[in-house]
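For reference, the structure is listed below as structure tokens.
Note that these values count all heavy atoms, side chains included, but never hydrogens, waters or copies made by symmetry. A note on names: the letters A, B, ... follow the listed sequences, proteins ahead of strands, and every chain is numbered from 1.
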Amino acid sequence: MIEKYGEKEEVKEKKKLELPPLPNAEKGKVVMRFAPNPNGPATLGSARGMIVNGEYARVYDGKLVIRFDDTDPRTKRPMLEAYDWYLEDLEWLGYKADEVVYASKRIPVYYEHVEKLIEMGYAYACLCKRDEFKRYRDAGIECPHRNLSPEESMEVWQQMLDGKLEEGEAVIRIKTDMKHKDPAIRDWVAFRIIYESHPLVGDKYVVYPTLDFESAIEDHLCNITHIIRGKDLIDSERRQKYIYAYFGWEYPVTKHWGRVKIHEFGKLSTSTIRKEIEKGTFKGWDDPRVPTLRAIRRRGFESEAIRNFFLSLGVGENDVSVSMKNLYAENRKIIDEKANRYFFVEKPVLARIEGLETGELEVEVELPLNPAKGGIRRLKASSEVFISENDMQRFEEGDVVRLKEFCNVKLVDKEKNIFEFVGKEMEGAKKGKNIIHWLPPADSMECLVLGSERDYYGKVEKAVIKEKGKVVQFERFAFCRIEGVFSGIERGIGERGIEETETGELVRAIYTHP
RNA sequence: GCUCCGGUGGUGUAGCCCGGCCAAUCAUACGGGACUCUCGAUUCCGUGACCCGGGUUCAAAUCCCGGCCGGAGCACCA
């Protein structure tokens with residue numbers, strides 16, 4: 001017994017997922033960061049950033065800072081609630097932020113830095129129109145404003161701050177190299193004028209830094225040692241290194257990962273989700289059809305599964321296209337032994353069993369509650385039971401089927417759903433698909449299961465109401481998370497394509513995965 | 001078009017830096033058997049990959065060159 005246990009432990013140890021070592025990482029000195037823009041809630045994609053950065057901070061006994069790069073109140077307008085949602089999600093995934101930074105609250109700091117750069121002649125006020133500058137850039141020619149004296153640039157900068165200029169009239173550019181072979185690097189924009197109230201800081205500022213500038217300054221100020229992010233930001237490094245050189249700072253070690261595409265969610269972006277929510281297609285940011293962490297959590301996924309899923313993806317620079325099935329497999333490993341078992345009869349039909357003796361009707365049928373932990377649950381024996389139409393269709397008259405743990409019955413009239421009692425013992429019934437789940441009307445209640453592809457309606461054991469908030473397995477159906485008992489409009493029926501039948505109470509559950 | 005980056009089974013991933021121990025790891029998927037009063041779990045077996053072409057070398061998934069394919073950036077977005 002002890003030996004066996006030891007073996008098991010060893011196997012578990014082996015399976016433990018690990019990230020590759022971080023270059024130049026010293027235990028206790030690593031500072032990682034996760035830098036989202038809260039223009040919507042965290043998605044599965046954000047989870048990768050939280051997990052990889054959080055994990056490195058953890059294994060190196062380092063620090064994790066979460067920084068909100070919320071410097072565009074218009075195009076990527078932050079969402080007020082999302083700030084805290086990010087913090088919650090991070091915590092749910094098992095990581096704690098040692099420091100929380102809000103870029104929009106630190107704008108004066110960026111002002112100071114750019115002013116220094118202007119004074120040193122490394123940044124200048126550019127009055128070119130957008131298209132005008134694009135032509136200079138593509139041709140590799142310096143624009144006329146590049147040689148403005150620091151004093152002249154400062155004057156324009158002051159006018160920008162004072163709100164004396166229109167949007168687009170002037171920007172601050174960082175001097176790089178107008179002949180740089182990569183046009184993306186040439187004299188990039190550090191500040192622009194935006195007349196728009198910011199959700200967090202209101203109308204306090206009209207000049208906002210771009211991500212490249214803000215994050216360059218903050219990474220240094222926060223003492224970030226390693227940056228791991230998507231490869232869409234790979235150019236940032238080449239741009240920001242100019243600033244680092246001007247200030248004599250050392251650029252953190254960087255690593256970039258490729259794009260993750262999850263088959264099941266296709267091209268659902270934050271902005272399309274928002275649109276669909278506004279249109280009413282999705283019920284909210286935690287609608288089970290949406291790839292947000294809130295929705296994933298509501299569906300009953302364990303954070304440990306999400307973590308393993310992303311660790312298995314590694315930090316490679318190539319793009320990956322992966323299926324939710326992998327996540328299901330990870331989650332199943334964790335919840336299979338935790339989840340209690342119940343019967344949920346989808347599309348119930350009431351079947352009548354003839355020939356049951358009174359004695360056989362006075363008993364309660366015992367069913368295993370949990371194959372790993374043991375325990376039993378009870379259902380009343382009954383001469384009328386709900387079975388699923390999905391099962392009913394498959395049977396022919398004369399077939400003997402097993403009502404799991406209850407009795408064997410023979411179908412005698414398929415039209416009227418009439419069965420005949422055969423016996424209590426197993427023998428005579430074929431194993432496999434002929435063992436079906438069932439429910440006595442007295443022990444059942446209405447149930448709606450909200451799924452990611454479609455919803456399911458049926459009857460469930462009354463006893464599941466004890467499982468509120470937990471994931472259970474509806475035998476021969478799927479793992480589901482029980483949300484609770486609802487009535488009235490809370491029921492959710494009728495809104496999602498399932499016909500309203502009754503108006504009483506029902507159990508609402510969320511489909512986790514098969 | 002310009003600039004970067006990447007290409008290992010169906011899907012991910014290890015190995016590549018420091019060539020041989022790689023007829024290539026692990027997971028998942030798939031096929032089949034066992035077990036189980038769930039279509040879940042467990043268990044056993046099986047299928048299946050180094051993008052192509054040159055070069056260097058006694059030896060290349062690993063180094064070099066060329067091609068092909070894929071991706072990202074070229075915003076007063078993040």
Margin query: Counting neighbours of CD on A/Glu337 that are heavy atoms of other residues, nucleotides or ligands and sit closer than 6.0 Å, is the number greater than 12?
Written below: no

Check: Heavy atoms under 4.0 Å, any strand shown: does A/Cys407 hit a base, just sugar-phosphate, or nothing?
Finding: nothing

Filtered N/O pairs between nucleotides 8-14 of chain B and protein, under 3.5 Å:
| unit_1 | atom_1 | unit_2 | atom_2 | d |
| --- | --- | --- | --- | --- |
| B/U11 | O3' | A/Ser321 | O | 2.8 |
| B/U11 | O2' | A/Ser321 | O | 3.2 |
| B/G12 | OP1 | A/Ser321 | N | 2.8 |
| B/G12 | OP1 | A/Ser321 | O | 3.0 |
| B/G12 | O5' | A/Ser321 | O | 3.2 |

Distances for protein N or O near nucleotides 43-45 of chain B N or O, under 3.5 Å:
none

Checklist line | Atom-to-atom span, OH of A/Tyr328 to C1' of B/A27 - whole angstrom | finding: 18 Å

Check: What is the nucleic acid contact for A/Lys134, judged by heavy atoms within less than 4.0 Å: base, sugar-phosphate only, or nothing?
Finding: sugar-phosphate

Note to self: Please give me the minimum heavy-atom distance between A/His226 and A/Leu22, naming the atom from each residue.
What the structure shows: CD2-CG, 3.4 Å

Next item on the list: Both distances under 3.5 Å, Watson-Crick or G-U wobble: report the partner of B/U3, or none.
Entry: B/A72

Next item on the list: Check the distance between B/G40's C1' and A/Leu367's CG and give it to me in whole angstrom.
Entry: 16 Å

Margin query: Could you identify the nucleotide paired to B/A61, looking across every strand shown and requiring Watson-Crick or G-U wobble geometry with both distances under 3.5 Å?
Written below: none

Notebook entry, point to check: Of the candidate nucleotides B/G70, B/A78, B/C4, which contains the atom at the shortest distance from the side chain of A/Lys231?
Noted result: B/G70

Next item on the list: State which residues pass side-chain hydrogen bond (donor to acceptor under 3.5 Å, both in side chains) with A/His256; sequence neighbours excluded, sorted by chain then number.
Entry: A/Arg229

Check: Touch check for A/Val171, heavy atoms < 4.0 angstrom, all strands: base, sugar-phosphate only, or nothing?
Finding: base

Note to self: Salt bridge check, A/Asp212 against A/Arg239: does any charged N sit closer than 4.0 Å to a carboxylate O?
What the structure shows: yes

Margin query: Looking at A/Arg332, I'd like to know whether one of its side-chain N or O atoms comes within less than 4.0 Å of OP1 or OP2 on B/A41.
Written below: yes

Note to self: Taking ring pair (Phe, Tyr, Trp, His ring centres under 6.0 Å) as the criterion, tell me which of A/Tyr83, A/Trp85, A/Phe34 meets it with A/Phe68.
What the structure shows: A/Tyr83

Checklist line | Letter per nucleotide, 5' to 3', of nucleotides 34-39 of chain B [B base touched, S only sugar-phosphate touched, - untouched; heavy atoms, 4.0 Å] | finding: --SBBB

Next item on the list: Pick base, sugar-phosphate or nothing for A/Arg238, based on heavy-atom distances below 4.0 Å to the nucleic acid.
Entry: sugar-phosphate

Check: Taking it one step at a time, do A/Phe477 and A/Tyr511 satisfy ring pair (Phe, Tyr, Trp, His ring centres under 6.0 Å)?
Finding: CA-CA 10 Å; A/Phe477 180 71; A/Tyr511 190 102; 5.7 Å; yes

Note to self: For A/Lys424, is the NZ atom crowded, meaning more than 12 foreign heavy atoms sit under 6.0 Å from it?
What the structure shows: yes

Next item on the list: Whole angstrom is fine here: how far is it from NE2 in A/His180 over to C1' in B/G73?
Entry: 12 Å

Notebook entry, point to check: Nearest to the side chain of A/Pro183, which nucleotide is it out of B/C2, B/C76, B/A78?
Noted result: B/C2

Item checked: A/His198 side chain reached by A/Asp70 side chain, heavy atoms, under 4.5 Å -> yes

Please list every donor-acceptor pair under 3.5 Å in which a side-chain atom of residues 137-144 of chain A meets a protein atom from a residue at least two apart or in another chain.
| unit_1 | atom_1 | unit_2 | atom_2 | d |
| --- | --- | --- | --- | --- |
| A/Glu142 | OE2 | A/Arg146 | NH1 | 3.4 |

Note to self: Any strand counts, and the cut-off is 3.5 Å on both contacts for Watson-Crick or G-U wobble. Which nucleotide pairs with B/A14?
What the structure shows: none

Notebook entry, point to check: When the ring planes of A/Phe213 and A/Trp188 are compared, do they come out parallel, tilted or perpendicular, using 30° and 60° as the limits?
Noted result: tilted

Next item on the list: State, yes or no, whether a side-chain contact exists between A/Leu369 and A/Arg341 at a heavy-atom distance under 4.5 Å.
Entry: no

Notebook entry, point to check: Should B/A34 form a Watson-Crick or G-U wobble pair with both distances under 3.5 Å, which nucleotide is its partner?
Noted result: B/U42

Check: Taking the nucleotide of RNA chain B with the closest heavy atom to each, which residue, A/Ala329 or A/Ile234, is nearer the 5' end?
Finding: A/Ile234

Next item on the list: Using a heavy-atom cut-off of under 4.0 Å over every strand shown, decide if A/Gly168 touches base, sugar-phosphate, or nothing.
Entry: base

Margin query: Let's test this: given Watson-Crick or G-U wobble pairing with both distances under 3.5 Å, identify the partner of B/C21.
Written below: none

Item checked: Value in whole Å for how far the P atom of B/C74 lies from NZ of A/Lys181 -> 18 Å

Note to self: Is the phosphate of B/A78 approached by A/Arg192 (side-chain N or O, under 4.0 Å from OP1 or OP2)?
What the structure shows: yes

Check: What's the CH2-C1' distance between A/Trp188 and B/C74, to the nearest Å?
Finding: 15 Å

Next item on the list: Calculate the interatomic distance between A/Tyr136 atom OH and B/C74 atom P; express it in whole Å.
Entry: 22 Å

Next item on the list: Mind checking A/Thr71 for me? I need base, sugar-phosphate or nothing, with any heavy atom below 4.0 Å counting as a touch.
Entry: sugar-phosphate

Next item on the list: Please give the nucleotide sitting opposite B/C77 as a Watson-Crick or G-U wobble pair, both distances under 3.5 Å, or none.
Entry: none

Next item on the list: Mind listing the closest non-hydrogen atom pair of A/Leu313 and A/Val322 along with its distance?
Entry: CD1-CG2, 4.4 Å

Next item on the list: Quick one: which residue pairs count as a side chain to side chain donor-acceptor pair (under 3.5 Å) with a foot in residues 364-382 of chain A, not counting sequence neighbours?
Entry: A/Glu366-A/Arg378, A/Arg377-A/Glu461, A/Arg377-A/Glu475, A/Lys380-A/Asp443

